[in-house]
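Here the structure is laid out as C-alpha cells; the discussion comes afterwards.
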Number of protein chains: 2
Amino acid sequence: MSDKKTFSISELAKEFDVTTRSIRFYEDEGLLHPTRNGQTRIFSSKDRVRLKLTLRGKRMGFSLAETRELFSLWDETATGSEKQLLMALEVVERRRAQLEQQKHDIAMMEIELDNHEARCREALAELRQAS
Amino acid sequence: MSDKKTFSISELAKEFDVTTRSIRFYEDEGLLHPTRNGQTRIFSSKDRVRLKLTLRGKRMGFSLAETRELFSLWDETATGSEKQLLMALEVVERRRAQLEQQKHDIAMMEIELDNHEARCREALAELRQAS
DNA sequence: TCCGCACTTTACGTTAACGTCAACTTCAAT
DNA sequence: ATTGAAGTTGACGTTAACGTAAAGTGCGGA
C-alpha cells in the first residue's frame with residue numbers, strides 16, 4: 001500500500017492530513033520535487049518520505065528552512081567534496097545537540113505535568129470532602 | 001544569585017538571551033505580569049520562571065498561545081471548580097500524548113542522523129582511498 | 001455534449017512573533 | 001548642568017507558513 005511507486009497530491013494530502021496548498025508550498029520551497037504529467041504533479045515515494053520528514057520536523061519545532069538544509073546535506077553526501085562532507089558531519093553534531101536539549105526540555109515538562117496533575121487531584125479530593 | 005526577589009527587564013534579557021522587545025511582547029500577550037515602579041517594570045521570580053517555561057515551550061515547538069493556556073490552567077488549579085479541574089486533567093493528558101509523539105519523533109531523527117553520519121564517513125573513506 | 005470533479009496557476013490576505021525606529025522620561029555619574 | 005545609559009510607549013515593518021478566492025485545464029461518465 002505504501003510501497004507504491006507514485007502518488008497524487010490528494011493521496012498524500014489525505015495520508016498525512018495536510019492541505020494540497022501546503023504540499024504545493026513545500027514544492028515551491030524546494031522540499032519536494034514532483035515530476036509532471038502535463039501539468040499535474042506526480043510524487044515519488046522519495047517525495048513521500050520527504051513529506052513525512054518535513055511534517056516530523058514541524059512537530060519538533062523545525063522551520064522549513066532547517067529541514068531543507070538537512071535535505072540538501074543528505075543529497076550532497078553522495079557527491080560532496082571532503083570539505084563538504086566534514087561540514088555535513090558538523091551539522092549532524094549540531095542536530096544531535098539540539099535533540100539532547102529537546103530531550104531535556106521534555107523531561108522537565110514531564111516533571112511539571114506530574115506535579116500539576118498531583119495538585120489537581122489534591123484539589124479535587126478537598127472539594128469532594130467539603131461537600 | 002537566581003533566588004533573588006526581583007529582576008529588571010535587561011537582567012532577564014541577558015540571562016535568557018532574548019531581547020527586551022520580546023519580554024515586553026510576552027507581557028502584552030499575558031504570559032508575564034510584572035509590577036511597576038513608576039513606569040519601570042519589576043519582574044518577580046515567578047515571572048522569571050514563566051519566562052523560562054515560555055522559552056522552553058518555544059524550543060519544543062509550542063506557540064505562545066499554547067503556553068498561555070498551560071499557565072492559566074496552572075493558575076486555576078487552586079481556585080477552580082470540579083469541572084475545571086477535570087478539564088485541566090484532560091489537558092495534561094493531551095500534553096503527555098504530545099510529548100510521547102515528540103519522543104518518538106526524536107528517536108526517529110536520531111536513527112536518521114546515525115545513518116547519515118555513517119554514510120558520510122564511508123564517502124570520506126572512499127575519497128581518501130582514491131587519492 | 002455537458003457536468004462535475006480533481007487539478008492547476010496566480011495573486012492577494014492572514015496570523016504569529018517579533019524587529020525597528022521615533023520620541024520621550026528618569027536616574028546616576030561626570 | 002549635561003550627558004549617557006536604561007527604561008518607556010506607540011506605531012509601522014517583516015518573515016514564515018500557509019489560507020483563500022479567481023479563473024482556467026483535462027477527463028471520465030450520464
Side-chain angles (χ1 to χ4, degrees), chain A residues 4-44 47-48 50-72 98 101-102 105, chain B residues 4-44 47-48 50-72 98 101-102 105:
Chain A
K4 237 178 56 183
K5 281 287 165 327
T6 65
F7 308 85
S8 79
I9 192 170
S10 49
E11 279 175 337
L12 291 182
K14 268 193 185 175
E15 179 176 0
F16 295 108
D17 193 32
V18 290
T19 65
T20 59
R21 177 67 180 89
S22 297
I23 294 179
R24 293 192 190 99
F25 182 72
Y26 295 158
E27 183 192 1
D28 285 349
E29 293 296 301
L31 295 165
L32 306 175
H33 300 286
T35 59
R36 303 291 174 118
N37 178 7
Q39 66 176 0
T40 83
R41 278 162 253 250
I42 303 177
F43 295 87
S44 66
D47 285 317
R48 182 177 166 278
R50 294 208 156 190
L51 177 55
K52 186 194 292 189
L53 296 182
T54 301
L55 299 175
R56 174 185 299 158
K58 288 206 65 179
R59 287 195 301 268
M60 300 174 64
F62 290 173
S63 71
L64 299 184
E66 287 173 314
T67 298
R68 182 176 46 216
E69 189 197 2
L70 265 193
F71 286 172
S72 61
Q98 269 190 57
Q101 172 70 48
Q102 291 205 1
D105 287 336
Chain B
K4 239 178 55 181
K5 280 290 168 321
T6 65
F7 308 85
S8 78
I9 192 170
S10 49
E11 280 176 336
L12 291 182
K14 269 193 186 175
E15 178 176 0
F16 296 108
D17 193 33
V18 290
T19 65
T20 59
R21 177 67 180 89
S22 297
I23 293 179
R24 293 193 191 100
F25 182 72
Y26 296 157
E27 183 192 359
D28 284 351
E29 293 295 301
L31 294 165
L32 306 176
H33 300 287
T35 59
R36 303 293 173 115
N37 178 7
Q39 64 175 4
T40 305
R41 275 163 255 250
I42 303 175
F43 295 88
S44 66
D47 285 316
R48 182 176 166 278
R50 293 209 158 189
L51 178 54
K52 186 193 293 189
L53 296 182
T54 301
L55 299 175
R56 174 186 300 158
K58 289 207 65 180
R59 287 194 301 269
M60 300 175 64
F62 290 171
S63 72
L64 299 184
E66 287 173 313
T67 298
R68 182 175 45 215
E69 190 197 1
L70 265 193
F71 286 174
S72 62
Q98 270 189 58
Q101 172 71 50
Q102 291 204 2
D105 287 335

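Residue numbers begin at 1 in each chain, while the letters A, B, ... track the order of the sequences.
The CD-P distance, from A:Glu27 to C:dC7, rounds to 14 Å in whole Å. When the C1' atom of C:dA6 is taken as reference, atom CD1 of A:Ile42 falls 14 Å away, rounded to whole Å. The distance from atom CZ of B:Arg24 to atom C1' of D:dG10 is 12 Å, rounded to the nearest whole Å. Distance, B:Lys14 NZ to D:dA5 C1': 12 Å, rounded to whole Å. For the pair A:Gln39 CD and D:dG26 C1', the computed distance is 8 Å after rounding to whole Å. The CD1 atom of A:Ile9 sits 18 Å away from the P atom of D:dG26 (whole-angstrom rounding).
In terms of the side-chain hydrogen bond (donor to acceptor under 3.5 Å, both in side chains) criterion, residue partners of A:Arg59 (sequence neighbours excluded) are, by chain and number, B:Asp105. In this structure B:Asp47 satisfies the side-chain hydrogen bond (donor to acceptor under 3.5 Å, both in side chains) test together with B:Ser44, sequence neighbours excluded.
Side-chain atoms of B:Glu29 never come within 3.5 Å of backbone atoms of B:Leu64 as a donor-acceptor pair (strictly under, hydrogens ignored).
Contact annotation: A:Ser10 reaches the phosphate of C:dC7 (side-chain N/O to OP1 or OP2, under 4.0 Å). Residue A:Ser8 places no side-chain N or O under 4.0 Å from the OP1 or OP2 atom of C:dA6.
Of the residues listed (A:Arg68, A:Arg21, A:Arg36, A:Arg50), the one engaging A:Glu27 in a salt bridge (charged side-chain N to carboxylate O under 4.0 Å, His left out) is A:Arg36, and it is the only one.
B:Gln101 contributes atom CD, which lies 10.5 Å from atom CE of A:Met60 (distance to the nearest 0.5 angstrom).
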Enumerate the protein-to-nucleotides 14-18 of chain C contacts in which both atoms are nitrogen or oxygen and the separation is below 3.5 Å.
{"unit_1": "C:dA17", "atom_1": "OP1", "unit_2": "B:Leu64", "atom_2": "N", "d": "2.9"}
{"unit_1": "C:dC18", "atom_1": "OP1", "unit_2": "B:Lys58", "atom_2": "NZ", "d": "3.0"}
{"unit_1": "C:dC18", "atom_1": "OP2", "unit_2": "B:Tyr26", "atom_2": "OH", "d": "2.7"}
{"unit_1": "C:dC18", "atom_1": "OP2", "unit_2": "B:Lys58", "atom_2": "NZ", "d": "2.9"}

List the steps, then state whether side-chain contact (heavy atoms from CB on, under 4.5 Å) holds for A:Phe43 with A:Ile23.
CA-CA 10 Å; A:Phe43 295 87; A:Ile23 294 179; 3.6 Å; yes
